[in-house]
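Worth knowing before you read on, the calculation uses all heavy atoms, side chains too, and leaves out hydrogens, waters and symmetry mates.
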Amino acid sequence: MSCGDNYERVGEEAVKPIFPQGVAQNFTLTYTESIEELSSQDSSKSRVIAVLKSPISEDFDNQSFKFRTFPEGLKVDFYNEKDQKSVVTADYGIVYSQTNLIDLQGNVVIESHDGKKLETPQLFFDRKNNWIFTEETFTYTNPEDGTVMDGEGMDFNKDFSFFKAHKTYGLMTIKEEE
């Protein structure tokens, strides 16, 4: 009678803990692409597209819904076709392997090679469609126009050539063609 466990667990106690299959410290991952097919020993015809750095990376690919976390933040250097660097930083990140979605949280900052800067508390990146979006507040600074735009919710493509803000406020200069 006294050894039975009929206690019904609820709340946090009911959630089964999950553990990463691997933890990497001082994690650096370099993404490269090749312009043409390479032989096994050839590396001169490839170029770096991105370098991801993080103090800690936790790999949860052992779960049914696979993901990787960066609990102490991350920094990603992106390089375009002209080898111009843009930088993304965040306090926390999750990469969902199966959906190709990246969730960046806490002091997310994107600084493009031409000086444009986006700051927001959370940002999502759809790797499959090269699409970036948020429903949070943001500040977008464009030194070319000398503008600072504040707003809530936005989406844009990877190179900022298409940019849609859902709700904006503040002062912005708009150039008209004659």
Inter-residue atom distance [X].[atom1] - [Y].[atom2], 0.5 Å rounding:
X      : Y      : atom1 : atom2 : answer
Glu119 : Ile110 : CD    : CD1   : 10.5 Å
Met149 : Thr168 : CE    : OG1   : 6.5 Å
Tyr96  : Ile102 : OH    : CD1   : 11.5 Å
Glu152 : His166 : CD    : NE2   : 11.0 Å
Thr120 : Met154 : OG1   : CE    : 8.0 Å
Lys53  : Thr89  : NZ    : OG1   : 14.0 Å

Nearest atoms (heavy-atom pairs only) where [X] meets [Y]:
X      : Y      : result
Ser112 : Ser86  : CA-OG, 3.3 Å
Gly73  : Ser54  : O-OG, 2.7 Å
Phe138 : Tyr140 : CD1-N, 4.0 Å

Measuring only between side-chain heavy atoms, which start at C-beta, is [X] closer than 4.5 Å to [Y]?
X      : Y      : answer
Val108 : Glu136 : no
Glu135 : Gln122 : no
Asn157 : Trp131 : yes
Asp103 : Tyr92  : no

What pairs of donor and acceptor atoms, side-chain ones from residues 74-84 against any protein atom, are under 3.5 angstrom apart with sequence neighbours left out?
from	atom 1	to	atom 2	distance (Å)
Asn80	OD1	Lys82	N	3.0
Asn80	OD1	Asp83	N	3.1
Asn80	OD1	Gln84	N	2.8
Asn80	ND2	Gln84	OE1	2.8
Gln84	OE1	His113	NE2	3.1

_Taking side-chain contact (heavy atoms from CB on, under 4.5 Å) as the definition, give me every residue that meets it alongside Asp91, ordered by chain and number, with sequence neighbours left out._
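Here the qualifying residues are Asn107.
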
*How would you list, by chain and number, every residue that makes a side-chain contact (heavy atoms from CB on, under 4.5 Å) with Asn130, sequence neighbours excluded?*
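Phe125, Lys158.
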
*hydrophobic_cluster_shared for Val95 and Val87, side chain cutoff 4.5 Å*: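 Cluster IDs for Val87 and Val95 differ.
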
Listed partners of [X] passing side chain to side chain donor-acceptor pair (under 3.5 Å), at least two apart:
X      : value
Asn142 : none
Gln25  : none
Thr139 : Asp150

_Residues forming a ring pair (Phe, Tyr, Trp, His ring centres under 6.0 Å) with Phe124, sequence neighbours excluded_ =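 Partners of Phe124 under the ring pair (Phe, Tyr, Trp, His ring centres under 6.0 Å) test: Phe133.
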
*Among pairs that include at least one residue of residues 123-132, which meet salt bridge (Lys or Arg N to Asp or Glu O under 4.0 Å), considering only residues two or more places apart or in two chains?*
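Those involving residues 123-132 do not exist here.
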
*Between Asn62 and Phe19, is there a donor-acceptor pair closer than 3.5 Å when you use the side chain of the first and the backbone of the second?*
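Judged by distance alone, yes, a pair lies under 3.5 Å.
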
*Donor-acceptor contact present, side-chain Thr32 to main-chain Val48, <3.5 Å*: no

For a quick test of your reading: what N or O donor-acceptor pairs under 3.5 Å do the side chains of residues 65-72 make, sequence neighbours left out?
from	atom 1	to	atom 2	distance (Å)
Arg68	NH1	Ser57	OG	2.8
Arg68	NH2	Asp59	OD2	3.4
Thr69	OG1	Glu58	OE1	3.0

*Among Ile, Leu, Val, Met, Phe, Trp and Tyr joined by side-chain contacts under 4.5 Å, find the other residues sharing a cluster with Val23 and list them by chain and number.*
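Other cluster members: Ile56.
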
